[in-house]
Each structure stands twice: as structure tokens, then as C-alpha cells.
Amino acid sequence: MKKIGILGGTFNPPHIGHLIIANEVLDALELDEIRFMPNYVPPHKEQTEEVTAYDRLVMLERALYDHPSFIIEGVEIDRKGTSYTFDTMKLLTEQEPDASFYFIIGADMIEYLPKWHRIDELLQLVHFVGVKRPNYNEETEYPIIMVDVPQMFISSSVIRRKLRTGKTVKYLIPDSVVNYIKGNGLYESK
């Protein structure tokens, strides 16, 4: 049975924290691949028109290009609309019945699990994999496989703020992503 990790998010922009988490989980759980699954419209965040879904896909492609076990899962972008994890994972498990899915979440999402859409049914479709994040509690009543990853406080919102104010993002996001951002005038202050 193929073991597939799923790392969802907006990836607005993708950063080194995403790559480290994916690589650590890939190795710790001996997965066959990690699929980065960008949301079209996540149910817990407001949609902004600042950066398009296309831009986020291109940045993700650039961030992942040199890792053979990292691929993009475009099902939520293709489907459009609000992305509920249950709906997406139901579709993927039906399309790939011989795969076992490991859905990766940070400690910030572990605390939020009781509010997830159809969480009890989702638990029948995936194994949840939790990774620690600074200042979050990972204790939960749900069955979660915890994986230790190097902890650092880095988020896409911090990176966007740095880009808007002209601060350096060197080593926070891959150079290929920085080049795309600068070449397309993304995250510039308005």
C-alpha cells in the first residue's frame, strides 16, 4: 500500500518551514511521497485577490522542483470554491483505494480539530500527523501521530509583511520563489 502524506495550505507564499515539515514527516514515517495541496478558498481564512491561485501554484512548483518525493496535488484548486478537507480526502481515497493517506497539520490546527467539518468521518479516511509549532498545545482527544520537526516561528503572513516593507526574506523562502515574487510584483505595499 502506497503511503502518501498530504500537506494542505494556502502556500501564500510557500516557505522553508513547509519544506522542512514535509521532509521530516516523509523521513520519520517512511512515506512514499508528500503531496502539497494548495487550497482554493480555505474555510477558516478570508480570500484575498492579492495573489491568484495560479501564482500560488507557480511558487509551489518552484519551491518543490528539486525534491523527487514532493509533488503538487491540485484537486482543490481545480475544484474551486471552499475547500473542506473531508470532501477532498473522500475524493482522493475513492480515486486511490490502494493508498494510505497521512494528513499533516500543525499544532495550531490540532487545537482547531473539534471544529473541522465532518471530523469524525474524516478520521476514518486519513491518519492525522501533527507537528509542533511554538506557542501551541498539541494535546487532543483525537488519534494523532506526532512527528518532531525543528521548531521555528515562520509563517506566510510574517513573510508577506517582510516583503511589503522591503525586508529580507533570504533563507526563509527559496530563491526561485523570491525571483517569481519580485518578477511579478507580488506582495508589494499598496
Side-chain angles (χ1 to χ4, degrees), residues 4-40 42 44-74 76-77 102-112 128-138 144-190:
I4 301 170
I6 300 282
L7 182 60
T10 55
F11 303 108
N12 186 19
H15 56 71
I16 198 75
H18 296 130
L19 302 174
I20 290 169
I21 287 168
N23 197 60
E24 293 294 316
V25 171
L26 179 78
D27 182 61
L29 301 182
E30 299 179 348
L31 303 181
D32 295 298
E33 64 190 38
I34 299 284
R35 295 185 190 172
F36 289 71
M37 186 169 67
N39 310 116
Y40 187 73
H44 61 283
K45 292 186 180 178
E46 287 185 30
Q47 182 179 14
T48 64
E49 296 301 321
E50 182 179 322
V51 175
T52 67
Y54 174 79
D55 288 323
R56 293 186 292 121
L57 277 173
V58 172
M59 288 188 286
L60 201 49
E61 286 171 356
R62 288 174 176 235
L64 307 181
Y65 82 94
D66 65 346
H67 197 301
S69 297
F70 288 178
I71 60 175
I72 295 174
E73 174 56 70
E76 291 191 347
I77 295 283
Y102 294 78
F103 199 87
I104 304 162
I105 59 175
D108 56 329
M109 287 290 108
I110 292 173
E111 291 180 356
Y112 193 74
F128 273 106
V129 178
V131 295
K132 294 182 180 185
R133 286 188 70 181
N135 304 318
Y136 287 98
N137 179 3
E138 67 269 4
I144 295 184
I145 303 164
M146 292 303 296
V147 173
D148 280 327
V149 299
Q151 291 189 41
M152 61 185 89
F153 184 73
I154 180 172
S155 69
S156 294
S157 58
V158 167
I159 291 170
R160 288 192 303 271
R161 191 167 36 254
K162 288 173 81 61
L163 288 164
R164 279 190 195 98
T165 58
K167 303 291 183 192
T168 183
V169 292
K170 186 80 172 159
Y171 304 117
L172 298 176
I173 54 179
D175 288 341
S176 57
V177 176
V178 172
N179 293 338
Y180 182 82
I181 289 169
K182 291 186 184 219
N184 290 279
L186 304 181
Y187 310 111
E188 293 178 347
S189 58
K190 304 278 185 220

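Computed from a prediction, not measured in an experiment: that's the story for all the values here.
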**Q** Decide side chain to side chain contact (heavy atoms under 4.5 Å, CB included) for Asp55 and Tyr180; before the verdict, give the C-alpha distance in whole Å, the side-chain angles of both, and the deciding distance to 0.1 Å.
**A** CA-CA 9 Å; Asp55 288 323; Tyr180 182 82; 2.6 Å; yes
**Q** Of the non-hydrogen atoms in Ile72 and Pro38, which two are nearest, and what is the gap between them?
**A** CG2-CD, 4.2 Å
**Q** What donor-acceptor contacts under 3.5 angstrom involve side-chain atoms of residues 60-67, with partners at least two apart or in another chain?
**A**
from	atom 1	to	atom 2	distance (Å)
Arg62	NH1	Ser176	O	3.3
His67	ND1	Ser69	N	3.1
His67	NE2	Asn23	OD1	3.1

**Q** If every non-hydrogen atom of Pro150 is compared with every non-hydrogen atom of Glu24, which pair is closest and at what distance?
**A** CD-CG, 3.8 Å
**Q** Is there side-chain contact between Ile181 and Ile173, with heavy atoms separated by less than 4.5 Å?
**A** yes
**Q** First locate atom CE of Met109, then atom CD of Glu111, and finally report the distance between them rounded to the nearest 0.5 Å.
**A** 9.0 Å
**Q** For Arg160 and Val51: C-alpha separation, side-chain torsions, deciding distance, then whether side chain to side chain contact (heavy atoms under 4.5 Å, CB included) applies.
**A** CA-CA 11 Å; Arg160 288 192 303 271; Val51 175; over 6 Å; no
**Q** Decide side chain to side chain contact (heavy atoms under 4.5 Å, CB included) for Asn39 and Glu76; before the verdict, give the C-alpha distance in whole Å, the side-chain angles of both, and the deciding distance to 0.1 Å.
**A** CA-CA 6 Å; Asn39 310 116; Glu76 291 191 347; 2.9 Å; yes
**Q** Testing the basics here: between Leu31 and Ile4, what is the closest heavy-atom pair and its distance to 0.1 Å?
**A** CD1-C, 4.5 Å
**Q** Quick one, Phe11 with His18, criterion ring pair (Phe, Tyr, Trp, His ring centres under 6.0 Å). Give me CA distance, side-chain angles, the key distance, then yes/no.
**A** CA-CA 8 Å; Phe11 303 108; His18 296 130; 4.8 Å; yes
**Q** Is there side-chain contact between Asn184 and Met59, with heavy atoms separated by less than 4.5 Å?
**A** no
**Q** Give a yes or no on whether the backbone of Thr10 and the side-chain of Arg56 come within a donor-acceptor separation of less than 3.5 Å.
**A** yes
**Q** Determine the interplanar angle of the Phe103 and Phe128 rings, folded into 0 to 90°, and report it as parallel if under 30°, tilted if 30 to 60°, perpendicular if over 60°.
**A** perpendicular
**Q** Hey, does the side chain of Ser156 reach the backbone of Pro13 with a donor-acceptor pair shorter than 3.5 angstrom?
**A** yes
**Q** Could you list the residues that satisfy side-chain contact (heavy atoms from CB on, under 4.5 Å) with Asp175, not counting sequence neighbours?
**A** Lys170
**Q** Do Phe70 and Leu19 touch side chain to side chain, with heavy atoms closer than 4.5 Å?
**A** yes
**Q** Within a strict 4.5 Å, meaning less than it, do heavy atoms of the Asp148 and Lys132 side chains meet?
**A** yes
**Q** Looking at Leu7 and Ala22, what are the two nearest heavy atoms and their distance?
**A** CD2-CB, 4.3 Å
**Q** Using side-chain heavy atoms (C-beta onward) and a distance below 4.5 Å, is Tyr102 in contact with Val25?
**A** no
**Q** Check Val129 against Ile144 and note the closest heavy-atom contact, atom names and distance.
**A** C-CG2, 4.1 Å
**Q** Apply the test side chain to side chain contact (heavy atoms under 4.5 Å, CB included) to residues Ile34 and Ile104: give CA-CA distance (whole Å), side-chain angles for both, the deciding distance (0.1 Å), then the verdict.
**A** CA-CA 10 Å; Ile34 299 284; Ile104 304 162; 3.8 Å; yes
**Q** Hey, what do you get for CG (Asn12) to OG1 (Thr52), rounding to the nearest 0.5 Å?
**A** 9.5 Å
